[in-house]
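Right, one structure below, let's go through it.
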Protein chains: 2
Amino acid sequence: MLLAMSRNPEEPVYNRIEEARVALGLSRQDLADKAGVHYQTIGYLEREEYSPSLVLALRIAKALNQEVSELFSQTPFKKGK
Amino acid sequence: MLLAMSRNPEEPVYNRIEEARVALGLSRQDLADKAGVHYQTIGYLEREEYSPSLVLALRIAKALNQEVSELFSQTPFKKGK
DNA sequence: TCATGATGTTGCATTAATGCTACATAGCAT
DNA sequence: ATGCTATGTAGCATTAATGCAACATCATGA
């Protein structure tokens with residue numbers, strides 16, 4: 001499995017989308033609808049196969065009621081918050 | 001002049017990169033070096049001709065010692081902070 | 001059993017973001 | 001006048017992010 005490749009190779013972006021989404025009881029399709037993207041895109045992001053554009057990150061953060069910095073990071077998240 | 005077009009048309013992203021950069025006494029080239037991008041890319045972003053990837057937004061925020069949400073927004077910034 | 005929903009996988013097409021080069025302009029020193 | 005720095009503009013090439021479709025798997029529930 002490939003890591004999320006930004007335009008700057010070897011610089012993955014980690015996220016807690018799935019954790020936040022599940023905590024709200026949302027399916028990927030639900031979140032995709034709220035964020036206005038294809039449901040597969042949520043899957044790719046949760047699997048960290050690529051990192052989103054800033055606009056998408058902003059939309060997802062809003063849909064999940066989180067700050068961008070709470071959801072996305074260049075350094076891995078510790079588990080369980 | 002075109003507004004920044006994300007992959008979702010008609011959804012610009014506003015930013016305060018220039019304001020924050022100038023406040024630190026940095027040239028675009030300086031900021032570009034710190035963020036690891038081409039200096040023209042900073043220019044495009046400051047003119048809001050396009051919106052950055054999330055990774056780039058994170059790197060710029062770090063280079064400017066600001067939160068992503070302080071630098072980028074889907075709604076226009078009020079002037080002077 | 002059958003259906004349905006949620007998720008994973010693969011593949012293809014489109015386009016925006018970025019790198020890079022070259023040139024122009026304006027200001028500010030010297 | 002000459003040079004240097006910062007910036008704007010334009011064009012071209014590459015690639016990652018996204019949309020979308022098809023199919024598979026696995027639960028769960030009727």
Side-chain angles (χ1 to χ4, degrees), chain A residues 1-64 68-69 71-74, chain B residues 1-64 68-69 71-74:
Chain A
M1 194 270 267
L2 291 188
L3 270 187
M5 284 303 175
S6 67
R7 237 154 268 277
N8 227 17
E10 15 259 64
E11 188 162 9
V13 172
Y14 305 91
N15 73 75
R16 318 176 62 164
I17 296 178
E18 180 167 26
E19 181 180 342
R21 171 178 64 79
V22 170
L24 292 180
L26 300 174
S27 71
R28 289 182 181 171
Q29 182 67 67
D30 294 334
L31 176 55
D33 291 343
K34 294 186 76 173
V37 291
H38 195 90
Y39 81 100
Q40 301 283 37
T41 296
I42 304 296
Y44 282 121
L45 294 178
E46 290 189 351
R47 282 175 249 124
E48 285 171 349
E49 290 183 32
Y50 57 58
S51 67
S53 65
L54 176 60
V55 241
L56 180 50
L58 290 170
R59 277 192 263 138
I60 289 180
K62 175 179 294 185
L64 293 175
V68 169
S69 55
L71 275 181
F72 301 94
S73 170
Q74 296 175 97
Chain B
M1 194 270 267
L2 291 189
L3 272 188
M5 284 303 174
S6 66
R7 236 155 266 276
N8 228 17
E10 14 261 62
E11 187 162 11
V13 173
Y14 305 92
N15 72 75
R16 319 176 62 163
I17 296 178
E18 181 167 26
E19 181 180 342
R21 170 179 65 79
V22 171
L24 292 181
L26 300 174
S27 70
R28 289 183 180 173
Q29 182 66 67
D30 293 334
L31 176 54
D33 290 343
K34 294 187 76 174
V37 291
H38 196 89
Y39 82 100
Q40 300 284 40
T41 296
I42 303 295
Y44 283 120
L45 294 179
E46 290 188 352
R47 282 175 249 120
E48 288 172 348
E49 290 184 30
Y50 57 58
S51 67
S53 64
L54 176 60
V55 240
L56 181 50
L58 290 170
R59 277 192 263 140
I60 290 179
K62 177 179 293 185
L64 293 175
V68 169
S69 54
L71 276 180
F72 301 94
S73 169
Q74 296 175 97

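- Residue B:Arg21 contributes atom CZ, which lies 5 Å from atom P of D:dT7 at whole-angstrom precision.
- Not counting sequence neighbours, the partners of B:Gln40 by the side chain to side chain contact (heavy atoms under 4.5 Å, CB included) test are B:His38, B:Tyr44.
- Rounding to the nearest 0.5 Å gives a distance of 9.5 Å between OG of A:Ser51 and CG of A:Asn15.
- Rounded to an integer number of Å, the gap from A:Glu48 CD to C:dT7 C1' is 17 Å.
- Each of B:Thr41 and A:Asp30 was assigned the nucleotide of DNA chain C with the nearest heavy atom; the assignment lying further toward the 5' end belongs to A:Asp30.
- Residue A:Ile42 contributes atom CD1, which lies 13 Å from atom C1' of C:dT7 at whole-angstrom precision.
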Which protein N or O atoms sit under 3.5 Å from an N or O of nucleotides 24-29 of chain D?
none

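- Atom OG in A:Ser53 sits 12.0 Å away from atom CG in B:Leu56 (nearest 0.5 Å).
- For B:Gln29, the side chain to side chain donor-acceptor pair (under 3.5 Å) partners at least two apart in sequence or on another chain are B:Asp33.
- Atom NE2 of A:His38 is separated from atom C1' of C:dT14 by 15 Å (rounded to the nearest Å).
- To the nearest 0.5 angstrom, B:Leu54 atom CG is 9.5 Å from B:Phe72 atom CZ.
- With rounding to whole Å, B:Leu26 atom CG is found 10 Å from D:dT7 atom P.
- Rounded to a whole Å, the CG atom of B:Leu56 is 9 Å from the C1' atom of C:dA17.
- Atom-to-atom distance recorded for B:Leu26:CG and B:Leu64:CG is 7.0 Å, nearest 0.5 angstrom.
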Under a 4.0 Å heavy-atom criterion, the protein footprint on nucleotides 25-30 of chain C, written with B, S and -, is ------
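- For the atom pair CD (B:Glu19) and CZ (B:Arg21), the distance works out to 11.5 Å, reported to the nearest 0.5 Å.
- The two residues B:Ala57 and B:Val68 come nearest to each other via the heavy atoms O-CG2, 4.3 Å.
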Full working for side chain to side chain contact (heavy atoms under 4.5 Å, CB included) between B:Asp30 and B:Tyr39: CA-CA 8 Å; B:Asp30 293 334; B:Tyr39 82 100; over 6 Å; no
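- Residues meeting the side chain to side chain contact (heavy atoms under 4.5 Å, CB included) test with A:Lys62, sequence neighbours left out: B:Gln74.
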Might you list the N or O atoms of the protein lying below 3.5 Å from N or O atoms in nucleotides 9-11 of chain C, with each pair's distance?
from: C:dT9; atom 1: O4; to: A:Gln40; atom 2: NE2; distance (Å): 2.7
from: C:dT10; atom 1: O4; to: A:Tyr44; atom 2: OH; distance (Å): 3.3
from: C:dG11; atom 1: O6; to: A:Tyr44; atom 2: OH; distance (Å): 3.4

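- When the nucleotides C:dA17, D:dT18, C:dG19 are ranked by their closest atom to the side chain of A:Leu45, D:dT18 comes out on top.
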| field | Criterion side chain to side chain contact (heavy atoms under 4.5 Å, CB included) on B:Ile60 and B:Ile42, from CA distance to verdict | value | CA-CA 9 Å; B:Ile60 290 179; B:Ile42 303 295; 4.2 Å; yes
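- The CG-P distance, from A:Asn15 to D:dA17, rounds to 12 Å in whole Å.
- Following rounding to the nearest Å, B:Glu46 (CD) and C:dT18 (P) show an atom-to-atom distance of 14 Å.
- In this model, the phosphate group of C:dA17 is approached by a side-chain N or O of B:Ser51 to a distance below 4.0 Å at OP1 or OP2.
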